[in-house]
Amino acid sequence: MIAAIIFSVLLIGGFGWFGVNILKIRSNILLGRDVNRKDKPGERWATMALVALGQKKMFKRPIPAILHLGIYVAFVITQVELIEIIYDGITGSHRAFMASLGGFYTLVISIIEVLSVAALIATIAFLSRRNILKLPRFQKPEMKGFPTFDANLILCMELILVFCIFTMNGADEALYLRGASHASHEAGSFGFAISSWVGPHIFGGMSTETLLVLERIGWWGHWFMVLAFLNYLPYSKHFHILLAFPNTYYSNLEKKGKFTNMEAVTNEVKLMLDPTADPFAAPAPDGGAPQRFGAKDINDLTWKNLMDSYTCTECGRCTASCPANITGKKLSPRKIMMDTRDRMVEYADGKRKNGKDYEDGKSLLFDYITEEEIWACTSCNACVEACPVNIDPLAIIVDLRRYLVMEESKMPTELTGMLTNIENNGAPWQFSPSDRGNWIHED
Amino acid sequence: MMSTIHVPTMAEMMAQGQTPDILFWVGCSGSFDDRAKKITKALVRILNECKVNFAVLGAEESCTGDPAKRAGNEFTFQMQAMMNIQVLDGYEVKKIVTACPHCFNTLKNEYPELGGKYEVIHHTQLIQELINSGKLSLKDGGVFKGKKITFHDPCYLGRANDVYEAPRVLIEKLDAELVEMKRCKTNGLCCGAGGAQMFKEAEKGNKEVNVERTEDALETHASIIATGCPFCNTMMTDGVKNFNKEHEIQVLDVAELIANAAEL
Ligand code: SF4
Ligand code: SF4
């Protein structure tokens, strides 16, 4: 009875708090400007199915892809067991579904166990890749401190979860064999693929009292880990397990080389080229306050840019393929995404605390991302191509450049010259436009 | 060996009451850069040989605005784009070929929203069409027979527009051995020129991007680095010079390879 009450309080509290955090993240994402990503639903569903569900881009690197797949499938399947845990927790029953499902129950638990072993192996492999083999993409400066801790913490939580599952099932198996389990009793074994085989070897010699305690430790441990994981998610790069789906659904479906068209500029340029045009014919965008050209801070970016930043798993595949980063420049597309997220959280929390007119005098550009970083980008799209969840760091970089150039006229001096040449000579170099056809007659 | 080239301008054709089938958009690099001009001429020789009814804009062409847009100056870009669109529409241009992936990308993807809608193809795609339709034939046992050639994917042709096959098909037509670099196609490494980098000093680092990329090419032991972009061509040529390998490995545009093999 008391156990059922404690369980239910944890259930409501845990899921409730998670819900609160989800709403907070949603409102943070909606700080961004609007952008239409609702067209072509068919293509969007297909992209999501391939990239998020099917992990198509992960398979560019087969070893991590297989390990990741192990954890991913195990994670999803383990949630099936959660239904029974919740039912048992509230009603005070034990393995409530076993009697009614019979052999199917045995099968499902067996699958869970086999996949849990796969997840265990993968988790250990991932921990060693990060901490023993020290893969270069996990050792970049932006990974110092919390990001590395976060990654390791999640992996350790996974380890604990798997140990809980096997303690729970293994101890219960030993009890069952003695007819001492709380599960509706038939003679013999549960018949689970792993615990019924390994369990008796480990737990068989223990006293019934110890086993009852161990089984409970496994069961409650499993439940605590689920709640802890759930409520840690919104603070972690592991949030990608949820956001990968909407994020790939709302992918940019245009050719990667196509940069966005700035309509506000189009209207002004049309007026410049045709002075007779009606200046009031084109309504101001949104009718509201004039928009900044490009992006200086979070609210100049689009909601998709912000969703991207929450979806980033900090895997560093973008950075590992970035020509600027490879050749030692400060630019790291992963850092662009992490900075965007950190700044968004800081800005949104500030507003929530101090009212919506609050400004902290900081901005994404300058305080988080430096000019040196964004000018190193060759706009090659390698980062966009590499990202397993279709994140577009280049879109943010371009908008930051636009702000610098169009609002502050701050750019490397050679670029000022190049732009002047285009305006005056119709070429980035200082040649006379009338010489443009000279090559035809030269040897 | 080289015959004189025949390059009509749009204005000349218009004066004679003719409309060409295709406009050759030469681009700033192809018009002014000495190395790139050779690529421009190679393509013209191919067009002449196949009797393609084309024309150029000559002095009426202007920068597409690509470097301005990548550098973040949307104003300069759109001014250029709108002026170019006026010229193109004035000549009722329908189809454009360009030897520069930056011009290709901008004309194809970024002009439509400003009102400029054309069918735009890259020169490697056009040459492939010419060969497929039998208008251009390569004598076998040409100069490149059996040579090892590696192809450097230009970012704005490959990743930006998913054109990976046309240049490769052409290289294979040379009876040459196409050897891929470890980073190729979707995983290709930039030459370092894109995003307006061509026009500025690189940020502080430990290496130039073109040097890193040239290492990839040298590793293949190819005798030719094939390119499909005048900027890549410059970057790779500089990279090869950096290693003092200019006598062992040549940097040539795919159009030059084809023109040479066809003895044009
Ligand atoms: S687009 Fe820019 S940030 Fe992305 S990989 Fe290329 S150089 Fe790096
Ligand atoms: S942006 Fe994508 S590729 Fe880069 S670290 Fe984040 S998830 Fe990985």
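In the text below, chain A, chain B and the rest are named by the order of the sequence lines, each starting its count at 1.
No part of A:Met411 comes within reach of chain B, as not one of its non-hydrogen atoms sits under 4.5 angstrom from that chain. Contacts of A:Phe293 with chain B are made by side-chain atoms alone, with heavy-atom separations under 4.5 Å and no backbone atom involved. The contact between A:Leu273 and chain B is made entirely by side chain atoms (from C-beta outward), counting heavy-atom distances below 4.5 Å. Only the side chain of B:Tyr156 comes within less than 4.5 Å of a heavy atom in chain A; its backbone stays farther off. Both the backbone and the side chain of A:Asp435 come within less than 4.5 Å of a heavy atom in chain B. Proximity to chain A (any heavy atom under 4.5 Å) is restricted, for B:Val44, to the side chain, taken from C-beta onward. Looking at B:Gln78, the atoms closer than 4.5 Å to chain A (heavy atoms on both sides) sit in the backbone and in the side chain alike. Proximity to chain A (any heavy atom under 4.5 Å) is restricted, for B:Lys37, to the side chain, taken from C-beta onward. Using a 4.5 Å cut-off between heavy atoms, B:Arg213 makes no contact with chain A at all. Only the side chain of B:Gln80 comes within contact range of chain A, with heavy atoms under 4.5 Å apart. Contacts between A:Glu442 and chain B at a heavy-atom distance below 4.5 Å involve backbone atoms as well as side-chain atoms. Looking at B:Ser29, both its backbone and its side chain come within 4.5 Å of chain A, counting heavy atoms on both sides.
Taking the side chain as every heavy atom from C-beta outward, A:Lys255 and B:Asp162 approach each other to under 4.5 Å. Using a 4.5 Å cut-off on side-chain heavy atoms (C-beta onward), B:Tyr91 and B:Glu60 make contact. By the 4.5 Å heavy-atom criterion applied to side chains, A:Cys315 and A:Pro388 are counted as neighbours. Within the 4.5 Å cutoff, no side-chain heavy atoms of A:Glu414 are placed close to those of A:Leu419. Side-chain contact check for A:Tyr368 versus A:Leu364: some heavy-atom pair is nearer than 4.5 Å. With a 4.5 Å cut-off on side-chain heavy atoms, B:Glu113 and A:Lys258 count as touching.
Of the listed residues A:Pro433, A:Ala386, A:Ala376, the one with more heavy-atom pairs under 4.5 angstrom with chain B than any other is A:Ala376. Per-residue counts of heavy-atom pairs under 4.5 Å with chain B were compared for A:Arg402, A:Lys329, A:Lys256; the largest is that of A:Lys329.
Aromatic ring centroids of A:Trp429 and B:Phe199 lie under 6.0 Å apart.
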